[in-house]
There are 2 protein chains.
Amino acid sequence: MRKVAESTIRRLSLYLRLLEEFEAQGIATVSSEALAGRGGTTSAQVRKDLSFFGSFGKRGLGYSVPELVTELRAILGLDRRYQVALIGAGKIGSALVQYRGFRQRGFDIVAIFDVDPAKIGREWNGLVVQDSAALETALAHEKIDMAVLVTPGEAAQPLADRLVALGVKAILNFAPVQLTVPHDVVVKTVNLALELETLSYELTNRG
Amino acid sequence: MRKVAESTIRRLSLYLRLLEEFEAQGIATVSSEALAGRGGTTSAQVRKDLSFFGSFGKRGLGYSVPELVTELRAILGLDRRYQVALIGAGKIGSALVQYRGFRQRGFDIVAIFDVDPAKIGREWNGLVVQDSAALETALAHEKIDMAVLVTPGEAAQPLADRLVALGVKAILNFAPVQLTVPHDVVVKTVNLALELETLSYELTNRG
DNA sequence: CTAGCTTTGTGAATCATTTCACAAAGCCGT
DNA sequence: ACGGCTTTGTGAAATGATTCACAAAGCTAG
C-alpha cells in the first residue's frame with residue numbers, strides 16, 4: 001500500500017464518526033458533499049481520501065452508509081480488538097479507564113500499573129493496580145498490543161524502553177516528552193502544553 | 001504578519017521546552033543543529049521556523065538561550081497570563097485543574113462549572129463549582145480569555161455558543177465533536193478517539 | 001589584520017497535499 | 001431506450017511545506 005498522509009487518516013476517522021451518526025438515523029446513502037459539509041472539508045477531499053483505498057461509491061448516487069462504515073473500520077484497523085496496558089493510575093489514567101469510547105472502539109484495558117504503593121493492590125474498574133516494577137513478570141503471558149503511558153515526563157522513556165522490549169508495538173503517550181523508539185514501534189504523543197500554546201499563539205496573533 | 005503554518009508553531013513550542021531545559025542547565029548558547037537533534041527535526045527546519053519571526057541568532061555562534069526563550073515566549077503569547085473557565089468538573093477537568101504546567105505557562109483557572117447538582121457548590125482546588133446554567137451571570141464581571149470544554153458531546157455546541165456570546169475568543173475542546181464558531185474565535189479540539197484510531201491504523205498497516 | 005572555522009539566514013528546488021475540473025457511470029422519468 | 005440530472009473517481013494544476021545548498025557574518029588564533 002502506498003504511503004497515505006496522516007491528515008488523510010484523521011479525516012477518515014472523522015468520516016467514520018459522521019457515518020455512524022447517519023447509520024443510527026437510518027440514512028442509507030450519503031454523497032461526498034454531505035460527508036464534507038459536516039466534516040469541515042470539501043467533497044473533492046473526501047473523494048480523494050477514499051480513492052487511496054478503493055472505489056466505494058456509485059456514480060450519481062453516492063456511498064452506501066453501512067458499506068462505507070465497514071470499509072472504513074477495516075481500513076482503520078477497527079475490525080478487531082486490542083489489548084491495552086495502562087501505565088500510570090493517576091487522574092488522566094482514571095478518566096481513560098472510564099471513557100466509554102475506548103472499549104466501544106475495540107480497546108480493552110487488561111492491565112494497570114503504577115509505582116505508588118498507596119495505589120498498588122487497589123481495585124480500579126475491575127482490575128487490580130500492579131507494581132510498575134513487575135511489568136515484565138505481569139505481562140509475560142499477556143499479549144499486549146498497545147500501551148497508554150500516563151506518567152511524569154522523566155519516567156516515560158525508561159518505561160517505553162521496557163514496553164518495547166516486551167514486544168509492544170504501539171504507545172499512546174501523554175507524558176510531555178519526545179519518546180525515542182525503534183522504527184517498527186508507533187508512538188503518538190498527546191501534549192496538552194502544545195495545544196495550549198498553539199491556542200495562545202492564535203489568540204495573540206489573530207483573534 | 002504573514003501566515004505561519006500550524007506545524008511551525010508546534011515546533012516553536014517544542015523548541016521552547018528544550019531551551020528551558022538548556023537554560024536550567026546553565027547553557028548559554030545553542031546551535032540550530034543542537035535544537036534540531038533533541039527535537040526530532042533538522043537544523044534547516046529550525047532556522048526556517050525562526051526566520052518567519054526574525055533573526056535571533058549570531059552567525060558562527062548560534063542562539064543565545066535566554067534571549068531565544070524570551071523571543072519564543074513573546075511569539076507564542078506566553079508573556080502574559082490568561083483567565084480560563086473550566087466547563088465540566090469530571091475526571092479530565094479534575095486532572096487539568098491539578099496540572100502544574102497549566103498555571104506555570106500562564107493559564108489561571110478562575111471559574112469552574114458543571115450541571116451535576118452533586119458537584120455544584122463543592123470546592124475544587126480553591127474554587128467553588130458553579131451551575132452551568134448560571135454561566136452568564138457568573139461571568140458577567142469576569143473577563144475570560146479562554147474556555148476549556150470537558151463535557152459530553154451533545155452539550156458542547158450549545159455551551160460553545162454561550163461562551164462565544166460572552167466574548168470568549170479561544171476554546172480548548174475535549175468533547176468528541178466538531179464545534180462551529182465565528183471565524184474570530186479559535187477552537188482547538190483534542191480528540192482521543194482520533195488519536196487511538198490513527199494509532200490503530202499505523203499498527204495494522206505498518207507495524 | 002588575515003586565514004580558517006563555524007553557523008546563520010534564505011532563495012531555489014524538491015516533495016507533499018489540496019483543489020480543480022471533467023469524463024465516465026448510474027439513476028429516474030417518460 | 002433515451003435524455004437529463006447527479007455524483008463519483010482521478011489526472012492535472014495549484015498551493016503549501018520541507019530540504020538543499022551556499023553566500024554572508026562573526027568568532028578565534030596567530
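No experiment lies behind these values; they were computed from the predicted model shown. For the numbers below, each heavy atom of this structure counts, side chains included, while hydrogens, waters and symmetry mates do not.
- The two residues A/Arg17 and B/Leu194 have their closest heavy-atom pair at NH1-CD1, 4.1 Å.
- Using a 4.0 Å cut-off between charged side-chain N and carboxylate O, B/Lys169 and B/Asp184 make a salt bridge.
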Practice item. Could you run through nucleotides 25-30 of chain C and give me one letter per nucleotide, 5' to 3': B if any protein heavy atom sits under 4.0 Å from the base, S if only the sugar-phosphate is that close, - if neither? Key: BS----
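- Remark: A/Arg103 engages A/Asp108 in a salt bridge, criterion side-chain N to carboxylate O under 4.0 Å.
- You can see that DNA chain D meets the heavy atoms of chain A within a 4.0 Å-exclusive cut from D/dT6 to D/dA12, reading 5' to 3'.
- Heavy-atom distances under 4.0 Å link DNA chain C to A/Ala5, A/Ser7, A/Arg11 of residues 5-20 of chain A, given in residue order.
- With sequence neighbours excluded, no residue forms a side chain to side chain donor-acceptor pair (under 3.5 Å) with A/Gln104.
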List, one per line, each side-chain donor-acceptor pair under 3.5 Å for residues 58-79 of chain A, sequence neighbours excluded.
from, atom 1, to, atom 2, distance (Å)
A/Ser64, OG, A/Glu67, N, 3.3
A/Thr70, OG1, A/Pro66, O, 2.9
A/Arg73, NH2, A/Glu20, OE2, 2.9

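- Every residue two or more places apart in sequence or in another chain that forms a ring-ring contact (aromatic ring centres under 6.0 Å, His included) with A/Tyr82 is listed here: A/Phe107.
- Residues A/Leu192 and B/Phe174 have side chains in contact (heavy-atom distance under 4.5 Å, counting atoms from C-beta outward).
- Pairs engaging residues 26-49 of chain B under the ring pair (Phe, Tyr, Trp, His ring centres under 6.0 Å) rule: none recorded [sequence neighbours left out].
- Atom OH in B/Tyr63 sits roughly 18 Å away from atom P in C/dT6 (whole-Å rounding).
- Each of B/Arg47 and A/Leu50 has a nearest nucleotide on DNA chain D; the 5'-most of these lies closest to A/Leu50.
- Note that the two end axes of the helix from C/dC1-D/dG30 to C/dT30-D/dA1 enclose an angle of 10°, each drawn from 5 base pairs, rounded to 10 degrees.
- In this structure, the side-chain contact (heavy atoms from CB on, under 4.5 Å) partners of A/Thr189, at least two apart in sequence or on a different chain, are A/Asn173, A/Val187, A/Asn191.
- The distance between atom CD of A/Gln45 and atom C1' of C/dT17, rounded to the nearest whole Å, is 8 Å.
- Between A/Thr42 and B/Phe56, it is B/Phe56 whose nearest contact on DNA chain C lies nearer the 5' terminus.
- Considering only residues two or more places apart in sequence or on other chains, B/Lys48 meets the salt bridge (charged side-chain N to carboxylate O under 4.0 Å, His left out) condition with none of them.
- Residues A/Glu136 and A/Leu166 share a closest heavy-atom pair of CA-CD2, 4.0 Å.
- Note on residues 22-44 of chain B: pairs passing salt bridge (charged side-chain N to carboxylate O under 4.0 Å, His left out), not counting sequence neighbours, are B/Glu21-B/Arg38.
- Applying the side chain to side chain donor-acceptor pair (under 3.5 Å) rule to B/Ser32 yields the partners B/Arg47; only residues at least two apart in sequence or on another chain are considered.
- As judged by a 4.0 angstrom heavy-atom cut-off over every strand, B/Thr41 is placed among residues making no nucleic acid contact.
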